[in-house]
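For reference, the structure discussed in these notes is given below.
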Amino acid sequence: MKKEDLKTINDINLVNDALTGNMAAFEAIVSKYEPMVAKIIIPMLGNSYDADDIGQETFIRFYKSMEKFKGESQLSTYLARIAINLSLNEIKKRTKQRTLSSDDEYNYNMPNGDTDESKDITDMVNSSLKVLDPKFRSVIVLRYIQGFSTRETAGILSLPEGTVLSRLSRGQIKLKEIITKLNRI
Amino acid sequence: MNKSDIKDELSDILSSYNPTFTEGFTERVIQSVGVEDIEEETEIAFYNIFRWVALSGVAAIIMLLFTVYLTEGTFSEDAFYGLMYYTPDEPVITSLNF
């Protein structure tokens, strides 16, 4: 089967093919969902080598637990759950390391205004989100950047919908404040 | 500025937000999965070898116990050392015969 053909197959069939050892099918899954996973992990962790590693880990975890995927939820939701959990774990790990070490490597830096406009929105959003508390960040990322519904976001984060809505409301105000402080809007 | 304005403004900004992983990401994932597969296969192979060695050991011990019981009729320490019919005079008799 050609790679082009694999792109037209639906997710559950791709997963079933991948389960039989068809690496081209798994590769098609990775290619298809790489942008989505990037849009979760990079705003959560910033654009770093860590983000790439966590992205890889997301797909490796999925590969190892693929037989558990029965198609009851969408593959995007399934992968998003793995990606957001790994990102939150990484943030916890960084926080712990930051408190144990005097190294400034993990300190959040407010961006200065010297990047040009084209370079840009991605950098600016990454920098602004870094300042936002992870509990607000995760909701903003899934709901606004990724475009999941409130119900899906609540399911992915294992939170009640009401909590998602209140975090979303407070998170967007905080994010706007951060961006305004940076004179970006 | 009300919440709806904030939401609209953020939506505008975030709609242009398009982060990507570094080039060759998919290939690296496939490569990593291959390495993980090899590691997993090696782990399974070692586990199987260990299991067979352990099972053979257990089988040998059971056979030994069975044989000792059949020949000596007891599981005493002397039976295991083969000293059931040993008497203190035996070395002397053996020396005289020699």
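The chains referred to below are lettered A, B, ... by the order of the sequence lines, with proteins before strands, and numbering in each begins at 1. Keep in mind that what you see is a predicted model, and the values were worked out from it rather than measured.
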Only pairs of heavy atoms separated by less than 4.5 Å count here; which of A:Val125, A:Val37, A:Asp52 has the most with chain B? A:Asp52
Going only through I, L, V, M, F, W and Y residues with side-chain contacts under 4.5 Å, is there a path from A:Ile173 to A:Val139? yes
Verify, without hydrogens or angle tests, whether A:Arg94 (side chain) and A:Leu45 (backbone) share a donor-acceptor contact under 3.5 angstrom. yes
Side chain to side chain, A:Asp11 and A:Lys32, heavy atoms closer than 4.5 Å: yes
Heavy-atom pairs under 4.5 Å with chain B - which of A:Ile42, A:Val30, A:Ile41 has more of them than the others? A:Ile42
Heavy-atom proximity to chain A below 4.5 Å, by part of B:Thr22: both
Out of A:Leu175, A:Thr58, A:Asn126, return the one with the most heavy atom pairs under 4.5 angstrom to chain B. A:Asn126
Parallel, tilted or perpendicular: ring planes of A:Phe62 versus A:Phe26, cut at 30 and 60 degrees: parallel
